[in-house]
Engineer: 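Would you mind keeping the following structure in view while I ask a few things?
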2 protein chains.
Amino acid sequence: MVGMDTKTALLDYAERHARQRGLDGFSYADLARDVGIRKASIHYHFPTKADLALALMQRYRTQFHTRLHDIKIAGGTAAAQLDAYVTLYRAALHGGTQLCLCVAFSAGRESLDAPVLAELATFHTNSLAWLEDVFDKGQQDGSLHVNPNSSSQAAACLAQVEGAQIMARAACDVSLFDLATANLTPSHAH
Amino acid sequence: MVGMDTKTALLDYAERHARQRGLDGFSYADLARDVGIRKASIHYHFPTKADLALALMQRYRTQFHTRLHDIKIAGGTAAAQLDAYVTLYRAALHGGTQLCLCVAFSAGRESLDAPVLAELATFHTNSLAWLEDVFDKGQQDGSLHVNPNSSSQAAACLAQVEGAQIMARAACDVSLFDLATANLTPSHAH
DNA sequence: CCATACCTACCATGTAGTAGGTAGGTATTT
DNA sequence: AAATACCTACCTACTACATGGTAGGTATGG
């Protein structure tokens, strides 16, 4: 974290904690130790924990959807795009040490304020739309087997990667993710 | 809760809290209010919170696997058994107000002691074995389309229902679960 | 009597936050 | 150039609870 501005450092550490333990599982005291400032100073950057959670979710959502956009722009078959998508979720596991933020926050959604819940809903809505688009494209280019209801298939796909993360996280074992998503990425040797 | 013994009442309320908010999201003070005894008295029944978590997981796992056993005993095609399985997960959502305990604990696994983690691992292992068995039977009785690797398909199926729970819980909307699991329960009108 | 299941009183930290202050840097004014 | 004003980003000191627990005591039912 050399030379990094304090606010970004706080967000980085907070994101890691939230993805490992959920929002209720860490405190400002943890962040203070991580960043090397006094706990009370964190309130300068994030007056309340809810502000921090919102900033985390907004940052995560925009970064994630930039990645989705990049996958689209890069072109390739729909199957390749789906593969890249699954790879995003796999990478988010960091070897089984953490969940992606949307899953972590979904599980602890009772502790979230309304604006954070709204961001979370937007994350899911955007992801479903992106996936549905991929399945539609897959039907056109013949690279994916698509059932008659692409929105249901998009939902199933999102459920699968999120669930695969849960399984892998529980066991701290990425190979479980691979096993559970093999049908989505058939080009990989499993 | 009339006439119920205190220990069971504690477990019931604790399970609800844990499934709604995770283990870090509730405290003995919540349980004390729920059951109507002093917080310190809870330690008589569960000396530490880790003891409580272990008891919760053990109870949940044994009950869940009794249900799986019942589905098997009841007979019917493999497709009907898979349908019953998905219905278990759907019912566990309680209208979108909570997750099943294994998902809630998986997300917050960092806060769990080793014996609880072991129970959680057993839960997943047993569930996968049961599902794999169903897929094997489905291939024999022709009621399920099974790909060459039934263990991967079992893992995918488990991931899907767990992920579908996450999605439905985030939005407090069971219809998302239905949308995301439609391919597993084709006999239902979606 | 004894086991069970509760109680009170307390402990040691821990949590999210408030209020006022200060140091250093930068922009503006004299 | 020097003084002043303002901003940023931290600090100390503190608050009000809250957390998971300990220790000793008491009431009740079998």
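Everything numeric in this text was worked out from a predicted model, so none of it was measured. In what follows, chains carry the letters A, B, and so on, assigned in the order in which the sequence lines appear, proteins first and then strands, with residues in each chain numbered from 1.
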Engineer: Would you call the rings of A:H65 and A:F123 parallel, tilted or perpendicular if under 30° counts as parallel and over 60° as perpendicular?
Structural biologist: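 Tilted.
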
Engineer: Taking NE2 from B:H17 and P from D:dG20, how many angstroms apart are they, rounded to a whole number?
Structural biologist: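 Whole-Å distance recorded here is 12 Å.
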
Engineer: Would you mind reading off the distance between B:K39 atom NZ and D:dT19 atom C1', rounded to a whole angstrom?
Structural biologist: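 So the NZ-C1' distance, B:K39 to D:dT19, works out to 7 Å.
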
Engineer: What integer distance in Å separates B:H45:NE2 from C:dA3:P?
Structural biologist: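 Going from B:H45 (NE2) to C:dA3 (P), I get 17 Å.
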
Engineer: C:dA5 P sits how many Å from B:K7 NZ, rounded?
Structural biologist: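 Result: 9 Å.
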
Engineer: Examine C:dC7: is either OP1 or OP2 under 4.0 Å from a nitrogen or oxygen in the side chain of B:S41? Give yes or no.
Structural biologist: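 Indeed, a polar side-chain atom of B:S41 lies that close.
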
Engineer: Which sits closer to the 5' end of DNA chain D, B:A50 or A:G36, going by the nucleotide each is nearest to?
Structural biologist: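 That would be A:G36.
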
Engineer: Nearest whole angstrom, please: distance from the P of C:dG14 to the CG of A:D24.
Structural biologist: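 One finds 18 Å between P of C:dG14 and CG of A:D24, rounded.
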
Engineer: Rounded to whole Å, please give me the gap between CG in A:L52 and C1' in C:dG17.
Structural biologist: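 Computing the A:L52:CG to C:dG17:C1' distance gives 14 Å.
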
Engineer: Touch check for B:A40, heavy atoms < 4.0 angstrom, all strands: base, sugar-phosphate only, or nothing?
Structural biologist: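 Result for B:A40 = base.
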
Engineer: Expressed as a whole number of angstroms, how long is the span from B:K49:NZ to D:dG21:P?
Structural biologist: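 Roughly 8 Å, once rounded to whole Å.
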
Engineer: Give B:F26 one of three labels, base, sugar-phosphate or nothing, depending on what nucleic acid heavy atoms sit under 4.0 Å from its own.
Structural biologist: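 Sugar-phosphate only.
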
Engineer: Should the pair A:R90-A:D83 be classified as a salt bridge under the 4.0 Å nitrogen-to-oxygen rule?
Structural biologist: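 Looking at A:D83 together with A:R90, the answer is no, because their closest N to O distance does not fall below 4.0 Å.
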
Engineer: Looking at B:Y44, is B:K7 sitting on its ring face, NZ or CZ under 6.0 Å from the six-membered ring centre and within 45 degrees of the normal?
Structural biologist: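 The answer is no, since B:K7 fails at least one limit relative to B:Y44.
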
Engineer: When you check the phosphate oxygens OP1 and OP2 of C:dA16, does a side-chain N or O of A:T48 lie under 4.0 Å from one of them?
Structural biologist: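 For A:T48, the contact criterion (side-chain N or O under 4.0 Å from OP1 or OP2 of C:dA16) is not met.
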
Engineer: What contact category does A:S27 fall into here, base, sugar-phosphate, or nothing, at under 4.0 angstrom with non-hydrogen atoms?
Structural biologist: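 The residue A:S27 makes sugar-phosphate contact but no base contact.
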
Engineer: Taking the side chain of A:T6 as heavy atoms from C-beta outward, which of D:dC10, D:dG20, C:dA5 is closest to it?
Structural biologist: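 Out of D:dC10, D:dG20, C:dA5, the nucleotide with an atom closest to A:T6's side chain is D:dC10.
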
Engineer: Remember a base hit wins even if backbone is also touched, and classify B:Y44 as base, sugar-phosphate or nothing at under 4.0 Å, heavy atoms.
Structural biologist: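 Result for B:Y44 = base.
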
Engineer: Regarding B:R19 and A:E110, does a basic nitrogen lie under 4.0 Å from an acidic carboxylate oxygen?
Structural biologist: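 Here B:R19 does not pair with A:E110 in a salt bridge, since their nearest N and O are not under 4.0 Å apart.
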
Engineer: Let me know the distance between CZ of A:R38 and P of C:dG17, rounded to the nearest Å.
Structural biologist: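 Interatomic distance, CZ of A:R38 to P of C:dG17: 19 Å.
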
Engineer: Within the supplied structure, the quantity of interest is the number of heavy atoms (other residues, nucleotides, ligands) at a distance under 6.0 Å from A:R16 CZ; does it exceed 12?
Structural biologist: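 Count not over threshold, so no.
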
